[in-house]
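Keep in mind that this is a model prediction, so the values were computed, not measured. Both ligands and their constituent atoms are indexed starting at 1 by order of listing.
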Amino acid sequence: MEKKEGEETENGTTQEKGSICGFDSLYHLLQTSLSPQLFQKVNRILLGLNCGKKLESIALPQPVKALSANHDFDLQAFSFFADKESLRGPRVVRVGLIQNSIALPTTEPFLNQREAIFQKLIPMIDAAGSSGVNILCLQEAWTMPFAFCTREKKWCEFAEEIDGESTKFLQQLAQKYNMVIISPILERDVNHGETLWNTAVIIGNHGNIIGKHRKNHIPRVGDFNESTYYMEGNTGHPVFETAYGKIAVNICYGRHHPLNWLAFGLNGAEIVFNPSATVGELSEPMWPIEARNAAIANSYFVGSINRVGTEVFPNPFTSGDGKPQHADFGHFYGSSHFSAPDASCTPSLARHKDGLLISDMDLNLCRQLKDKWGFRMTARYDVYADLLARYVKPDFEPQVISDPLLHKSG
Ligand SMILES: NC(=O)NCCC(=O)O
């Protein structure tokens, strides 16, 4: 097995790069460090309760566990339940998320890099398929290193047409496992002058292409210089009705925009995936909050995925902040997880390791939460529609009522 890159700690011990003091995740750190009674109390608040109970783990088949052990990826599985209804049967779907590091150094020929990622993903997709996963989502721009920090145009070569190599590769697996696969790639739109987009291709369980969604919001933060590469999406907020439920994709930075989440909800999404690429220093405190909040506010499930590892590029680049040039983004902290409309969520996958996270979710929970909390009914959309309609006009003036005493002289 490949030797893992290590980090020297304050007390001189070595631990895997990206772990938290040797722990896979905050969850494992707390689980190991606290007494079982105390951990139970902390966990109730940290991960919430589903139907009044802690999430149950799912026992996966032995061959799937063997794949995880032999290919060194984290494997976790949990069930979200809903209350039993008398007029509707349960609608349980099994959903998977894959997080991974790149497979070869960024200095290798592009074809080899892409092929090595394909090969690396096969056992993980096999594990999902053999576990009966119905819908599987991969991470943002999964076919390539996240080279957008460099601003070098050569990385555009990784862009593919919607029916390109990666789609063909996944179509076979989708068909083999009767599984919907969401494939976020850098898209080359040949019919529109080779325009590039950051796109999720939705592959149906028969291996057909159901459609695509293009990332709506492009980051302009830190080293995420993505507007150098692709355009703001033009596909709106589509919801894809699949054999297993209504799904949507809110790609990475779109998770900071509550209206983006809302729009997928208004179109009827039951599960929204958030394939991402983000680093610890920039966003880690936001990561467990934003998706969970979206799941609560919109009464749907969210699957959050982040890539793993540190990707080092051949030429150093600067961040425009006066700090020294550097050749990597920092650590992509993995930590993929699911959030549910009842505010419960799964523990996260490892912070430093490839992983497959599986969850059963009874989609009846979406409507049950709408009935319980009434967020959709009480939303007062007409009030906000009116404000937004005025806000986008050039002559908009903010509604501010000043204390008259503030402006009195003397
Ligand atoms: N890929 C991407 O949009 N990253 C932006 C950084 C973040 O949103 O945390």
Side-chain angles (χ1 to χ4, degrees), residues 18 97-102 106 117 137-152 155-156 158-160 166 182-187 196-201 212-235 237 248-261 263-264 272-295 302-311 313 317-321 323 326 328-337 339 348-349 351:
L97 310 175
I98 287 180
Q99 66 176 36
N100 59 279
S101 58
I102 53 173
T106 59
I117 297 176
C137 187
L138 308 184
Q139 69 195 19
E140 183 181 21
W142 69 272
T143 61
M144 58 183 288
F146 214 71
F148 307 138
C149 50
T150 67
R151 306 195 291 274
E152 296 163 349
W155 306 99
C156 294
F158 276 99
E160 287 178 58
S166 61
I182 299 157
S183 171
I185 58 168
L186 185 63
E187 180 204 346
L196 302 190
W197 310 93
N198 185 323
T199 300
V201 185
K212 62 171 183 282
H213 173 55
R214 293 172 171 155
K215 181 171 176 175
N216 280 327
H217 301 275
I218 306 184
R220 292 164 172 84
V221 57
D223 286 328
F224 289 87
N225 296 305
E226 300 179 29
S227 60
T228 309
Y229 289 89
Y230 61 85
M231 299 306 291
E232 254 98 14
N234 59 358
T235 46
H237 295 87
V249 195
N250 178 357
I251 304 175
C252 196
Y253 183 78
R255 76 183 183 283
H256 309 299
H257 292 275
L259 290 179
N260 205 37
W261 290 111
F264 294 116
V272 179
F273 294 92
N274 178 229
S276 299
T278 186
V279 291
E281 291 213 351
L282 182 70
S283 64
E284 203 164 0
M286 301 173 172
W287 181 248
I289 297 169
E290 289 170 307
R292 198 170 176 188
N293 184 51
V302 175
S304 305
I305 311 167
N306 186 22
R307 60 172 61 206
V308 187
T310 304
E311 301 176 4
F313 292 92
F317 45 87
T318 56
S319 308
D321 58 3
K323 293 196 181 142
H326 43 281
D328 69 78
F329 255 117
H331 179 73
F332 292 105
Y333 54 84
S335 309
S336 304
H337 61 280
S339 313
S348 299
L349 286 179
R351 210 179 168 278

* To do: Pick out which of R214, K215, R220 makes a salt bridge (charged side-chain N to carboxylate O under 4.0 Å, His left out) with E232.
  => R220

* Between F273 and H213, is the gap from one ring center to the other below 6.0 Å? -> no

* Asked: Can you check side-chain contact (heavy atoms from CB on, under 4.5 Å) on E187 and Y230, steps first, answer last?
  -> CA-CA 9 Å; E187 180 204 346; Y230 61 85; over 6 Å; no

* To do: Quick one: pull up SG in C156 and CG in L186 and give me the separation to the nearest 0.5 Å.
  => 7.0 Å

* **Aromatic centroids of F224 and F329 separated by under 6.0 Å** => yes

* To do: Mind jotting down which protein residues get a heavy-atom contact under 4.0 Å with ligand 1? Chain and number order, please.
  => E140, F146, K215, P219, F224, E226, C252, Y253, R255, H256, A277, T278, L282, S283

* Asked: Are a donor atom and an acceptor atom from the side chains of T278 and N306 found within less than 3.5 Å of each other?
  -> no

